[in-house]
There are 2 protein chains.
Amino acid sequence: MKIGLRHIRYFLVLVEELNFRRASEHLHISQPALTRTIQHLEAELQVTLFERSQNFVRLTDAGRAFRDGGRRVVNGMEATIDLTRRVSIGEAGALRVGYTDFAIADALPELLKRFHQKHPGITVRPHHGVTTSQLQELRDDKLDIGFVTGPVRQPGFQSRVVQTDRPICIVPEGHRLASRTSIVLADLADEDFVHGPADAWAHFYDYLFPLCRRAGFQPRIVQEAFNSVGILGLVSCGMGITILTESIYDFATGGLVPLPIRDISDVMVTEAIWASENLRLPTQHFVDFLEQLDKK
Amino acid sequence: MKIGLRHIRYFLVLVEELNFRRASEHLHISQPALTRTIQHLEAELQVTLFERSQNFVRLTDAGRAFRDGGRRVVNGMEATIDLTRRVSIGEAGALRVGYTDFAIADALPELLKRFHQKHPGITVRPHHGVTTSQLQELRDDKLDIGFVTGPVRQPGFQSRVVQTDRPICIVPEGHRLASRTSIVLADLADEDFVHGPADAWAHFYDYLFPLCRRAGFQPRIVQEAFNSVGILGLVSCGMGITILTESIYDFATGGLVPLPIRDISDVMVTEAIWASENLRLPTQHFVDFLEQLDKK
DNA sequence: CTTCATGATACCTTTTATGCATCAAAAACT
DNA sequence: AGTTTTTGATGCATAAAAGGTATCATGAAG
């Protein structure tokens, strides 16, 4: 015979009552049934849990230890059952969200905050990553939703624009262009650029390079940093200039000058992307949430 | 029907194997029995835990939640059973130990350290208190062992001397006696004394006052502090002098001068005291431990 | 000295769990 | 293409566990 949750539940009620008959009534069973269940429990444990006499029933030291542990077990079981049910109806769960520097600097924080208000049981697990790595993680089912630099067209996946940014040029204080109020792209033809590695930042380059080519030059990238904070850092110590978005510039600590670029009309888009089929419930909730944003 | 630990154990094995037949062999039951148990579990939870087909068995999101919670429950149950058994044979448990300033300043730390080495499963719960309050707590079964200022003779309790201290006089730097290398009690006849409250420190007074009376004076107590640290503090700011033990003087931070008292031959004893009957197992272990100290 | 309340035991019934035989469907093999 | 094997599910009979009723022994209260 093995110890089951039934034994523990009966035991805990008896601990409260310290009287077999009253405890058995509370449990809606007969008194002999309770007596035998406690006997079986003690036999299986090889431990006396109660001192009994006709006058009193009281816990032994070992009984107290079993009471404390038993309560934890029963509470843990109830919590587990509750959580499992909530997960099964999508009221609880985890959502793995990928994001780029561009997304986290602008729309994403507010978006996640509102999603959390609507679905407080769903834990958002943020995964930082560039567009290419997020797309791979989506295909590998390591990620539920990606926030990536668009436009992306991935077979089996759907996407939706959540953010548009007009790129700006960022130069260090004291730079020859720092006193200008705005520029055109051609002004940057002979500048040194600071940016991210070509493989990781491929999607941003796909957006930026054609614009420069149209303006008649190929940007000369002389320094690479692994994220936008690093890029801004290198710019501020005079290693070169860069083109990023205004929201990212807002994170800079100083020593930098933002310059609007008059002849860029194309915006840079950040898209949410997710699998078109077999969505997990938290993902489905997030997609519904994104779609409701349009209606409001 | 209710969920029992059996359901969870079977479920967890199936989670490991993800194959009903193999899991049933591992459990030493037939495959239909396992299928039924999992069906009952899912019916009771009203949750699908596994996606099944003839080709594969895999967990749902809810199944993963139940797996994590179920593991905690089963581990908690096993730990509880183990702890309960250990408590019942006295291998684990709690020992409520009372101690005075005199005890904790000298013998007790080493004693408790060695006891813990011998019985690592027993947690010592220290309760600071003066002799009188410890005796009350022993009678009320709030304490298993007291370390008190002796001699005490309490009906139904046994005691054993664990520490003897020769009292010394402690005066502040710059005091008229501070340059002496030792004194006799009569030197203190006209001094102001700092000590603890009469009710709480009754046992110490019972030891000290007769000595002073024999030396021909009644100590004049002008300041009271609640513990020995407070007494030493008041002495060091010149409020008076005191008589305590050398081990307590060792805790002083400075500004004090210790003076041996040549004409005190009676030592001050600290005793361990415990009930003579119906000892809890940890208490019995401690008493046995104290008795083994003599043999070594 | 009786009455009452307690926890334990004996005996029987109901409920639950299990094993065996078997099925339908898909995969693996010939 | 056809056969064999493997998978999880189901029907039915059996074993084991849990429960109920009646009753006992013991100590407390009246």
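Note that the structure is a prediction, hence the values are computed from the model and not measured.
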* Asked: Between B/Phe115 and B/His119, does the ring centre distance come in under 6.0 Å?
  -> yes
* Asked: Quick one: B/His40 NE2 to C/dT18 P, roughly how many Å, whole number?
  -> 10 Å
* Asked: Do any N or O atoms from the side chain of B/Thr270 and from the backbone of B/Thr149 form a donor-acceptor pair under 3.5 angstrom?
  -> no
* Asked: To the nearest angstrom, how far is B/Phe56 atom CZ from C/dA26 atom C1'?
  -> 12 Å
* Structure fact -> Read 5' to 3' with Watson-Crick or G-U pairs under 3.5 Å, [ ] for crossing pairs and | for partners on another strand, DNA chain C gives ||||||||||||||||||||||||||||||
* Distance in Å, A/Arg72 CZ paired with A/Arg67 CZ, rounded so as to fall on 0.5 Å steps -> 10.5 Å
* Could you grab the distance from atom CD of B/Gln117 to atom NZ of B/Lys113, nearest 0.5 Å is fine? => 5.5 Å
* Provide, to the nearest angstrom, the distance between the NZ atom belonging to B/Lys2 and the P atom belonging to C/dT15. => 18 Å
* To do: Please check the phosphate of C/dT16 (OP1 and OP2 only) for any side-chain N or O of A/Arg6 closer than 4.0 Å.
  => no
* Check whether any side-chain nitrogen or oxygen of B/Arg52 sits under 4.0 Å from OP1 or OP2 of D/dG8, and answer yes or no. => no
* Between C/dT6 atom C1' and A/Leu18 atom CG, what is the distance in whole Å? -> 14 Å
* Asked: Going by an N to O cut-off under 4.0 Å, is there a salt bridge joining A/Asp82 and A/Arg85?
  -> no
* Asked: Aromatic ring centroids of B/Phe102 and B/Phe204 under 6.0 Å?
  -> yes
* To do: Figure out the CD1/C1' separation between A/Ile3 and D/dA17, and round it to whole Å.
  => 15 Å
* Once you round it to whole Å, what is the distance between P of C/dT6 and CZ of A/Phe50? -> 16 Å
* **Gap between atoms CD and C1', on B/Glu17 and D/dT6 respectively (whole Å)** => 16 Å
* To do: Indicate, with yes or no, if the rings of A/Phe50 and A/Phe11 have centres closer together than 6.0 Å.
  => yes
* **Test: A/Arg6 cationic atom under 6.0 Å from A/Tyr10 six-membered ring centre, within 45° of axis** => yes
* **Ring centers of A/His127, A/Tyr99 separated by less than 6.0 Å** => no
* Structure fact -> Separation of C/dC4 atom C1' from A/Arg21 atom CZ, nearest Å, is 11 Å
* Asked: What is the distance from atom OG of A/Ser159 to atom CG of A/Leu290, rounded to the nearest 0.5 Å?
  -> 11.0 Å
* Between B/Ser133 and B/Gly129, is there a donor-acceptor pair closer than 3.5 Å when you use the side chain of the first and the backbone of the second? -> no
Give every pair of a protein N or O atom and an N or O atom of nucleotides 25-30 of chain D that lie under 3.5 Å apart, one pair per line with the distance.
from, atom 1, to, atom 2, distance (Å)
D/dT26, O4', A/Gln54, NE2, 3.2

* Heavy atom of residues 25-38 of chain B under 4.0 Å from DNA chain C: which residues? -> B/His28, B/Ile29, B/Ser30, B/Pro32, B/Ala33, B/Thr37
* Asked: Base, sugar-phosphate alone, or nothing: which one does A/Tyr10 contact when heavy atoms must sit under 4.0 Å apart?
  -> sugar-phosphate
